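We count residues from 1, following the sequence as given. Nothing here was measured: the structure is a model prediction, and the numbers come from that model.
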Amino acid sequence: MASKSTKSKKARSPFKGKIKFNSKKFFFFFCRIVPAAVMVTLFLLPMGMQSISLGDAESTASLIYPYLLPFTQAQAIQESLLHFVYFLIYFLPFTALFLLISLFIKGKVNVLLYVITYLSFTVYLFCSVTSLVIFANCWRWFLHLPIPVYAAFGFAFISHALMSIFGILFLREMNPEFAEYKKIQAESKQKTKISIKTKLTITIISVIAVIMVFFTILILRSYKKMFTEAVSDVGRSQAEQTSTVYDSADGKYEKIAPYFTQQKEANSYADTPFERIDIITASQAGNIIFKKEGDKVSFVPVEEGIELTIDSIDWPEYDVFSYTTATGHVKDIPDTEKKISAARAREYFTNFMNGNYKKQPVLDGNLCKYIYPVSFTRKAGFKLVGFSIVTYKTEILMRSYFHVKIFVYTMVVMFLYISIIFSLLIADFITNPLLYLKTNVRKSANTLEEILDGNSKITAEQLTFIDSIKTRDETKDLSKEIKNMVGIIRGIIPYISFSTLQAADKDTKKATTSRELCFLFTDIRGFTTLCEGKKPQDVVEILNHYLDIETEIILNNGGDIDKFVGDEMMAFFAGPKKEYNACKAAMEIRAAMRFQQEQALADGSDYISMGIGINTGRVVFGSVGARSRMDFTSIGDTVNLAARLEGANKAYGSKAIITEAVFEKLKDSFVCRELDFIKVKGKNEPVRIYEILQTKAAAVDKLFEIKDLFEKGLAAYRKQSWDKAEEMFQLCNEKYQDMPSVVFLDRISHFKTNPPPKKWDGVFEMKVK
């Protein structure tokens, strides 16, 4: 019942699994349907507006829709290549259709979709920007532009920018070397605050931006000055001409009126029409008389001896609106523009005297006024009666300059945008080889660091440098040089011990320490005899073959090779399991040597045997040598004893001898037999030595019996029970051909004839190393 109840609780809901959200499919549809909808929306929304009437402040203009853009009736479009280029706007609905069709296309078309969508946004932005340059004729044009136009342009621009960045990132990710760089960068402990790519990109963009802004300001200022002077010449000439006509007509209406009618008719078809031309005089005639001598203007005093200045003259108010081209619309003109105050008259005449009226107009709100004194010619000079004023609307007068300014601003913004995109590409082109070179160097450095850290699984063969730089510049040359350097290091490493490599970057004066280490010495037996009659290269090949086998075993067991001396090798082990690892390596070396012997016997070639000595203890570990040539090694009694034990194998016919210190560390893991109690050459204190037979896990009964027979014989031997000892050793030798037993049988034979001293402690003194 309990199991049924449990099953009923675990039973799935009848609704579970029927509605399953698939994020991959959702993303697949989202990335096609949404862009398609955007393309259709952009195609239907207005993208601009035709030029507005500058003469009417309240006028508006019709909107421009993308689907009607090629058919817009504008001279700048219909009489240029834009008429044909604008047909590319129909690429938008085509893109939308292709995006929808791609929903049913099997296979990968992502790149093609990206290119088509990116081109569509580019076409839309081009059409939108060029129509802006063509139709924007004043700042009011931007104020009357509907919000949907700004929204559509902004969305298209942001989408284009994001797609540009996405494309650059996609190009990066397609490069497997860049992915490797990012991986190495993520694993690196040293984080770069500002990368060289970022610095280069910012530098390029900043330089381009500064240059563009500088030249934009310089060009626009120069053009504005040139344009202002050009239009000022026209306005000033009209004001001077009006004053001259008034003077020559002596102020008579029948002569002046036709002139104003003529100017009004000519203005109707002028490229830059004026607003009106006025003559304003004073109701009370004044006595201001001036004369002109070249460009110099001065006042003529009414009485001799009195010097007149512009500030000492009593200026009248000019309040008579005498003549105007705005006939019939005088009532629409503000009263403030129909008269000139005394202060304003003084200002106007000051501009006339110093020549400023030739350089720039008088600005009055959104109007530009060119003003010239109106006078009658008299014998004493020119009698000032008023001023002629030619008035332009600023929008109309500066229309051409505004077009140039909009064009320049637009080009600067678009060029900066394009330069940002190309700066990112250029930065990739320039810096990516450096980043890939850094990655390759970092990989080689990581391998070298692992070697220096003493990782025995990392060998010099794995220290490689991949020259993946494709450019043909200094970066490629640098990559080649680094590859050569790594090759040299790789060639040197096999000749240097790991301990020496690890100490290479340390202060050798402070590197010497006292450490607990376990040492393993090996020596090839009969190698000299084996090499007799052989060529030197053959001798080296044989030696390297056996040393390579030993080295691999030692490294795999966490040891390090200190040095090779002919056919002898010195290795050491560190760490809490150093004795175990050393003895395990010794057993594996013996097994490998047995395999080599079997092969040699099968081939009929010569074979060798191996002697091993192992000891553990504290040693002096550090730099030894001269300042110009040093080695990082170990010295002390522990090392010397291990070397002596390796040689003691010859005396006992054994394979691997260890000290009591080593035995105490691994007696529970290995089968060992006590071999003797000896004094090695160079030491006064006797040491108890043992022979490793096998690991307990792999030991067979034969080894335990050898151990038992030999140790019984050894115990009797030390008690000088020669017969009992001889019996045990003889039995061990007969059954297992045990060479150490033979050694003790010879000693017993000697002691039977020549008994040892009474205080004999069983210590055997070795006379050779």
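Residues that satisfy the side chain to side chain contact (heavy atoms under 4.5 Å, CB included) test with Ile165, not counting sequence neighbours, are Leu169.
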Q | Intermediate values then yes/no, side chain to side chain contact (heavy atoms under 4.5 Å, CB included), Met212 and Leu416 | A | CA-CA 8 Å; Met212 290 300 299; Leu416 284 176; 4.3 Å; yes
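In this model, no donor atom of one side chain and acceptor atom of the other lie less than 3.5 Å apart for Ser388 and Tyr323. No side-chain donor-acceptor contact under 3.5 Å links Tyr86 and Ser131. Side-chain atoms of Thr242 and Tyr259 form a donor-acceptor pair, as typed in the model, at a separation below 3.5 Å.
Taking the six-membered ring for Trp, Phe349 and Phe299 have ring centres closer than 6.0 Å. In this structure, Tyr124 has its ring center at least 6.0 angstrom away from the ring center of Phe121. Ring pair Tyr67/Tyr90: centre-to-centre distance not below 6.0 Å.
Across Ser423 and Ile208, no two heavy atoms sit closer than the pair OG-CD1, 4.3 Å. When all heavy atoms of Phe321 and Ile280 are compared, the pair lying nearest together is CD1-CG1, 3.9 Å. Closest non-hydrogen pair, Ile310 versus Trp315, comes out as O-NE1, 2.9 Å. Pro273 and Asn267 make their closest contact through CA-OD1, 3.0 Å (heavy atoms, listed as atom of the first residue, atom of the second, distance).
Ring-plane geometry between Phe87 and His83 is classed as perpendicular, the angle between the planes exceeding 60 degrees on a 0 to 90 degree scale with a lower cut at 30. Ring pair Tyr223/Phe227 is parallel by interplanar angle, where below 30° counts as parallel and above 60° as perpendicular. Ring pair Tyr370/Tyr392 is perpendicular by interplanar angle, where above 60° counts as perpendicular and below 30° as parallel.
Using a 4.5 Å heavy-atom threshold, the side chains of Phe135 and Thr72 count as touching. A 4.5 Å side-chain heavy-atom check between Ile116 and Leu99 finds every atom pair outside the cut-off. Within the 4.5 Å cutoff, side-chain heavy atoms of Asp247 are placed close to those of Phe376. Side chains of Thr117 and Met39 form a contact here, defined as non-hydrogen atoms less than 4.5 Å apart.
When the options Phe387, Phe382, Phe352 are evaluated for a ring pair (Phe, Tyr, Trp, His ring centres under 6.0 Å) with Tyr372, the one that passes is Phe352.
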